[in-house]
Engineer: 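To start, I am sharing the structure in question, which I have written as structure tokens.
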Amino acid sequence: SQELEQSPQSLIVQEGKNLTINCTSSKTLYGLYWYKQKYGEGLIFLMMLQKGGEEKSHEKITAKLDEKKQQSSLHITASQPSHAGIYLCGTGGAQKLVFGQGTRLTINP
Amino acid sequence: DSGVTQTPKHLITATGQRVTLRCSPRSGDLSVYWYQQSLDQGLQFLIQYYNGEERAKGNILERFSAQQFPDLHSELNLSSLELGDSALYFCASSVGQGKSYNEQFFGPGTRLTVL
């Protein structure tokens with residue numbers, strides 16, 4: 001079965017700094033989702049990537065899928081307190097999603 | 001607001017009891033998915049229904065069951081509850097039955113505490 005590993009598991013950055021979260025798959029990714037979860041709340045869809053080399057941006061968040069389609073990165077530019085939360089990568093689509101363990105992001109003022 | 005609703009928001013019960021979690025998908029979505037999120041296991045897929053029929057099963061215990069009704073809302077039944085069943089239970093919905101990469105919209109979750 002496919003497994004996703006996220007790194008780092010937690011991240012503390014100062015407000016205004018850039019950061020990157022990585023998601024590595026044990027198998028080729030045919031669809032990669034990024035979700036954000038506020039502590040104890042539901043998941044908010046951020047982006048979906050499908051093609052090797054694809055890159056998508058939404059506001060200050062950019063996600064990329066590498067050419068080999070086994071790794072994705074999520075980059076936040078000029079972080080803000082509103083970016084704090086848990087970021088999850090997920091893959092699947094054929095009936096279910098498999099998720100990484102999540103990266104807990106804390107933004108310090 | 002994703003458009004997916006879940007009730008109740010919180011549930012506290014005792015070991016051995018049975019509870020029912022309810023989910024209403026987004027208008028127009030035919031697929032409903034159930035997930036369990038715990039600290040040690042992360043977010044795990046339990047089961048999927050599409051238009052009333054079970055389509056996929058994940059790590060769902062035999063003590064757990066689910067169904068999707070004609071109005072497309074879904075219920076997850078958890079019985080003979082154990083301490084380890086304490087978790088956040090999420091429902092998600094999507095338009096299709098999962099043959100393509102459809103975005104899944106997640107509800108706010110039900111936090112179950114078993115004492």
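Note that these values count all heavy atoms, side chains included, but never hydrogens, waters or copies made by symmetry. Protein chains get the first letters and strands the later ones, always in sequence-line order, with residue 1 at the start of each.
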Engineer: Please flag which part of B:D1 lies under 4.5 Å from any non-hydrogen atom of chain A: side chain, backbone, both or neither.
Structural biologist: neither

Engineer: Is it the backbone or the side chain of A:E41 that comes under 4.5 Å from a heavy atom of chain B, or both, or neither?
Structural biologist: backbone

Engineer: Check each atom of B:L88 against the heavy atoms of chain A and say whether the ones under 4.5 Å are side chain, backbone, both or neither.
Structural biologist: side chain

Engineer: Between the side chains of A:T20 and A:H75, does any donor sit under 3.5 Å from an acceptor?
Structural biologist: yes

Engineer: Indicate whether any N or O donor in one side chain lies under 3.5 Å from an N or O acceptor in the other, for A:T24 and A:Q71.
Structural biologist: yes

Engineer: Pairing donors with acceptors under 3.5 angstrom, does anything connect the side chains of A:T103 and A:Q6?
Structural biologist: yes

Engineer: Would you say B:D29 and B:S94 are linked by a side-chain donor-acceptor pair, where the criterion is simply a distance under 3.5 Å?
Structural biologist: no

Engineer: Considering only heavy atoms, which portion of B:Q37 lies under 4.5 Å from any heavy atom of chain A: side chain, backbone, both, or neither?
Structural biologist: side chain

